[in-house]
Amino acid sequence: MADTTLSSGTPETAEPEGTGEPGFFRVLLARRSVQVSLIVFLAIAILCLFASLVAPANPDAMSVRMRLQGPSAAHWFGTDAFGRDVLSRLLYAGRSSLSIGLSVAILSSLLGVAIGLTAGFFSRLDWPFSRMIDAMMAFPDILLALSLVAIFGGTLTNVVIALSIVYAPRVARIVRASTMVIREMPYVEAARALGTRTWRIMITHALRNIVSPILVQATFIFAYAMLAEAGLSFLGIGVDPETPTWGIMVNEGRQYLDTAIYLILFPGVAISLSVLTLQIVGDALRDALDPHLAKEA
């Protein structure tokens with residue numbers, strides 16, 4: 001009689017479901033350039049955040065005898081015209097520059113979301129808000145920022161407010177366009193039929209569905225704000241010189257370009273690295289949050 005029992009080999013295991021779509025972090029960190037950029041930016045941010053522990057000297061300590069000394073074992077990045085350690089000032093200035101970029105990204109996103117949601121849901125307010133957004137975006141960013149800082153004054157808080165006003169229309173335009181699509185969706189109509197308040201629909205249905213583009217735009221604004229602040233400080237109308245930033249360091253070192261180029265080189269490299277790495281991470285974040293691009297990864 002033939003043996004009808006199955007062979008005792010190892011049973012086949014079913015493939016887990018959902019493995020066809022890559023995860024968020026897998027798409028985000030798929031490229032080596034993104035991994036390197038993220039590491040570099042986090043390293044810069046951590047060093048600046050803990051500047052009080054990492055800085056080799058007091059950033060405000062002056063020494064006429066040590067003025068304009070080039071990089072050495074005692075002062076890795078040299079000293080400035082007042083004998084202050086450039087590396088220490090670079091770390092403390094980075095704390096201010098990064099905080100300005102982050103504050104502008106958060107505040108401009110909040111302003112843009114408020115304007116965009118309001119314009120997208122209330123037709124009567126759409127026209128004036130849209131024309132205001134168009135008018136503000138018609139001006140070059142740096143020119144509008146110059147005007148606002150000249151009006152408000154060159155303090156750290158005023159620079160953050162001015163740059164937030166400049167970049168808020170970027171977020172508002174994206175939020176408005178997405179909101180106008182979402183408000184016509186069947187689930188929004190159903191929520192209205194059930195008597196749900198408009199503000200609740202705006203938060204629970206509209207805002208939750210547009211978080212991804214807001215995060216991506218905020219990342220780019222972070223980089224733009226740092227670059228704009230550096231430009232304003234370089235022109236001498238940005239943050240108060242008593243508050244060191246990378247832009248102020250470049251402005252202070254430009255008159256010594258022929259004799260002490262390192263005064264501009266090191267803060268310039270810090271600005272370039274921070275902006276470049278943020279741009280690369282922002283591109284990767286957009287790819288990771290876009291379902292169509294994520295499937296192609």
Please say whether the positively charged group of Arg254, taken as NZ for Lys or CZ for Arg, lies over the ring of Phe234, i.e. under 6.0 angstrom from the six-membered ring centre and within 45 degrees of the axis. yes
What's the verdict on salt bridge (charged side-chain N to carboxylate O under 4.0 Å, His left out) for Asp141 and Arg170, showing C-alpha distance, side-chain angles and the deciding distance? CA-CA 11 Å; Asp141 293 343; Arg170 294 173 180 264; 2.5 Å; yes
Reported CD1-to-CG distance for the pair Ile264 and Leu257, which is rounded to 0.5 angstrom: 4.5 Å
Give the C-alpha distance, both sets of side-chain angles, the deciding distance and a yes or no for side-chain contact (heavy atoms from CB on, under 4.5 Å) between Thr245 and Met226. CA-CA 10 Å; Thr245 65; Met226 291 181 60; over 6 Å; no
Please report the C-alpha distance between Glu229 and Leu163 in whole Å, then the side-chain angles of each, then the deciding distance to 0.1 Å, and finally whether the side-chain contact (heavy atoms from CB on, under 4.5 Å) criterion is met. CA-CA 8 Å; Glu229 182 279 322; Leu163 292 177; 4.3 Å; yes
Go through the steps to decide whether Val149 and Asn158 satisfy the test side-chain contact (heavy atoms from CB on, under 4.5 Å), and finish with yes or no. CA-CA 7 Å; Val149 171; Asn158 290 341; over 6 Å; no
For Ser109 and Val171 the tightest heavy-atom approach is O-CG1, 3.9 Å
Main-chain N/O of Ser274 paired to Thr277 side chain as donor or acceptor, under 3.5 Å: yes
For Ala105 against Ala218, the heavy-atom pair lying closest together: CB-O, 3.5 Å
Exam field: side chain Arg67 to backbone Ala81, donor-acceptor pair closer than 3.5 Å: yes
Neighbour count >12 (heavy atoms, 6.0 Å) for atom CD1, Ile261: no
Going from CG on Asn251 to CG on Leu232, what distance comes out if it is rounded to the nearest 0.5 angstrom? 11.5 Å
Atom pair CD1/CZ of Ile280 and Phe41 - distance to nearest 0.5 Å: 12.5 Å
Is there a side-chain contact (heavy atoms from CB on, under 4.5 Å) between His75 and Leu87? Walk through the geometry before answering. CA-CA 7 Å; His75 301 280; Leu87 175 57; over 6 Å; no
Do Pro267 and Leu90 touch side chain to side chain, with heavy atoms closer than 4.5 Å? yes
Between Ser88 (side chain) and Arg84 (backbone), is there a donor-acceptor pair under 3.5 Å? no
Got a donor-acceptor contact below 3.5 angstrom from the Arg176 side chain to the Gly120 backbone? no
Contact summary for Tyr262 and Thr79, nearest pair of heavy atoms: OH-O, 2.8 Å
Please determine if Arg173 and Asp134 form a salt bridge, counting it only when a charged side-chain N lies under 4.0 Å from a carboxylate O. no
Is it the case that more than 12 heavy atoms not belonging to Phe152 sit under 6.0 Å from its CZ atom? yes
Measure the spacing between CG of Leu125 and OG1 of Thr118 and express it to the nearest 0.5 Å. 7.0 Å
Hey, is CZ on Phe122 packed in by over 12 heavy atoms from elsewhere, all under 6.0 Å? yes
Shared hydrophobic cluster for Leu98 and Leu227 (ILVMFWY, side-chain gaps under 4.5 Å): yes
Closest non-hydrogen atom pair between Ser103 and Val160, with its separation: CB-CG1, 3.8 Å
A side-chain contact here means heavy atoms from C-beta on lying under 4.5 Å apart; do Gln279 and Tyr224 qualify? yes
Please answer whether the main-chain N or O of Tyr167 pairs with a side-chain N or O of Ser108 as donor and acceptor at a distance below 3.5 Å. no
Please tell me whether Met136 and Ile151 are part of a single hydrophobic cluster in this structure, the criterion being side-chain heavy atoms less than 4.5 Å apart. yes
Assigning hydrophobic clusters by single linkage (Ile, Leu, Val, Met, Phe, Trp, Tyr; side-chain heavy-atom cutoff under 4.5 Å), is Phe82 placed with Met249? no
Can you check whether Leu148 reaches Val166 side chain to side chain, under 4.5 Å on heavy atoms? yes
Take the angle between the ring planes of Phe266 and Phe77 and call it parallel below 30°, perpendicular above 60°, tilted in between. parallel
Looking at every non-hydrogen atom in both residues, tell me the closest pair between Ile44 and Leu273 and how far apart they are. CD1-CB, 4.1 Å
Rounded distance (nearest 0.5 Å) linking atom CG of Leu53 with atom CG of Leu91: 11.0 Å
Flag the pair Leu207 / Ile214 as yes when at least one side-chain heavy-atom distance between them is below 4.5 Å, and no otherwise. yes
I need the minimum non-hydrogen distance between Ile133 and Ala172, along with the two atoms involved. CD1-CB, 3.6 Å
Close side-chain approach of Ile115 to Met132, heavy-atom, < 4.5 Å: yes
Should Asp80 and Leu68 count as side-chain neighbours, where that means a heavy-atom distance under 4.5 Å? no
Looking at Asp126 and Arg131, does any basic side-chain N land under 4.0 Å from a carboxylate oxygen? no
Looking at Ser96 and Pro244, would you say the former's side chain and the latter's main chain have a donor-acceptor pair under 3.5 Å? yes
Say whether Leu110 and Ile174 are linked into one hydrophobic cluster, either directly or through other cluster members, by side-chain heavy-atom distances under 4.5 angstrom. no
So, taking the atom named CG in Asn58 and the one named OG in Ser52, what distance separates them when rounded to the nearest 0.5 Å? 11.5 Å
Please check if the side chain of Ser97 supplies one atom and the backbone of Trp246 the other of a donor-acceptor pair under 3.5 Å. yes
Transitively linked via ILVMFWY side-chain contacts under 4.5 Å: Met66 with Val86? no
